[in-house]
Trainee: 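Quick one: this structure, given as structure tokens, is what I'll be asking you about.
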Amino acid sequence: MILPITVYGDPVLRKRTENISPDYPGLAKLIADMYETMYNANGIGIAAPQVGKSARVFVVDGRPIKDDDKKDDSLKTFKKVFINPEILEEDGDDWKFEEGCLSIPGIRDEVSRPAQIKLKYQDENFNEFIEIFEGLPARIIQHEYDHLEGILFTDHLSAFKKSLIKNKLAGMAVGKVSADYPIKSPPPKRRK
Ligand code: NI
């Protein structure tokens, strides 16, 4: 089932997610729906808060951009579910790559991140792994991992770059947004 994607301004995107256990209700369906929602929006990764669930899970499929990776071919098989991930180390030189986000339609910009991560995570069967990722797979994980921490890629931009998109983001947060996939506009802010 294709789920509506939450948009910048939705509080769920700013909430740090909690670990989940194997008895998390509807987990298999949530994972299947996240893949379907991601493919429908031509994404290469999606995190649970982007479908309105504050749970520590994201899915990736880097195969659509496999030709962008000049260094190696690790994206060719990079389709994975990550549950309860924890970045143990970030290493290597920072490098820039243009990122976008299904929850921030219409905005893309270069983000600088370390080249390598050591990640502890569980798969969909709750088998635990500790693995080193680098290059684009690391990049995709870092972006999705941020979602689980309530962080968006625009948070990483310089103050100047942020000032350029400030109005657009403010508009998005009050529903001035469109995308070529189903979205859920942020709930109206309560007056205090
Ligand atoms: Ni994103």
Side-chain angles (χ1 to χ4, degrees), residues 2-18 20 30-31 33-66 68-69 75 78-87 90 94-114 117 119 121 133 135-158 161-162 164-166 168-173 175-186:
I2 293 167
L3 302 171
I5 293 178
T6 54
V7 167
Y8 186 95
D10 193 315
V12 74
L13 292 172
R14 289 307 193 181
K15 200 169 172 246
R16 189 177 184 274
T17 56
E18 302 282 348
I20 61 166
L30 174 65
I31 290 168
D33 288 348
M34 284 171 68
Y35 270 120
E36 198 180 340
T37 302
M38 178 184 81
Y39 291 134
N40 180 63
N42 294 313
I44 53 171
I46 195 168
Q50 295 184 274
V51 294
K53 301 277 186 201
S54 191
R56 212 157 173 81
V57 46
F58 63 81
V59 306
V60 303
D61 188 345
R63 292 174 300 175
I65 61 158
K66 64 178 165 43
D68 292 6
D69 204 340
L75 279 179
F78 191 57
K79 181 185 180 216
K80 253 179 191 304
V81 178
F82 293 88
I83 291 174
N84 302 330
E86 189 187 338
I87 292 182
E90 285 190 300
D94 284 13
W95 65 296
K96 283 183 177 175
F97 187 74
E98 192 186 78
E99 297 186 21
C101 180
L102 298 178
S103 293
I104 314 178
I107 295 180
R108 302 188 64 83
D109 215 328
E110 281 192 335
V111 179
S112 186
R113 299 183 190 268
I117 56 167
L119 188 78
Y121 67 96
F133 296 91
L136 283 172
R139 168 71 54 160
I140 297 168
I141 291 169
Q142 286 161 321
H143 178 114
E144 299 311 326
Y145 186 90
D146 270 356
H147 277 298
L148 304 184
E149 300 291 310
I151 297 167
L152 300 168
F153 84 88
T154 47
D155 300 344
H156 293 287
L157 303 177
S158 67
K161 290 267 186 84
K162 278 182 188 150
L164 296 179
I165 56 170
K166 193 170 159 245
K168 215 168 171 182
L169 289 178
M172 224 178 262
K176 288 180 200 145
V177 56
S178 67
D180 54 7
Y181 44 83
I183 55 173
K184 176 181 170 277
S185 276

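Atoms within a ligand are numbered from 1 in the order they appear, just like the ligands themselves.
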Trainee: Check ring pair (Phe, Tyr, Trp, His ring centres under 6.0 Å) between His156 and all other residues, then give those that pass, not counting sequence neighbours.
Mentor: none
Trainee: Listing request: all salt bridge (charged side-chain N to carboxylate O under 4.0 Å, His left out) pairs with a residue in residues 34-58, at least two apart in sequence or in separate chains.
Mentor: Arg56-Glu149
Trainee: Taking CD in Glu98 as the centre, count heavy atoms belonging to other residues, nucleotides or ligands within less than 6.0 Å. Is the count above 12?
Mentor: yes
Trainee: For the residue pair Lys168 and Tyr8, would you count it as a cation-pi contact if the rule is NZ or CZ under 6.0 angstrom from the ring centre and within 45 degrees of the ring axis?
Mentor: no
Trainee: According to side-chain hydrogen bond (donor to acceptor under 3.5 Å, both in side chains), who are the partners of Gln142, at least two apart in sequence or on a separate chain?
Mentor: Glu90
Trainee: Please report how many protein N/O/S atoms lie under 2.8 Å from the Ni ion (ligand 1).
Mentor: 3
Trainee: So Phe133 and Phe82, would you call those rings parallel, tilted or perpendicular, with 30° and 60° as cut-offs?
Mentor: perpendicular
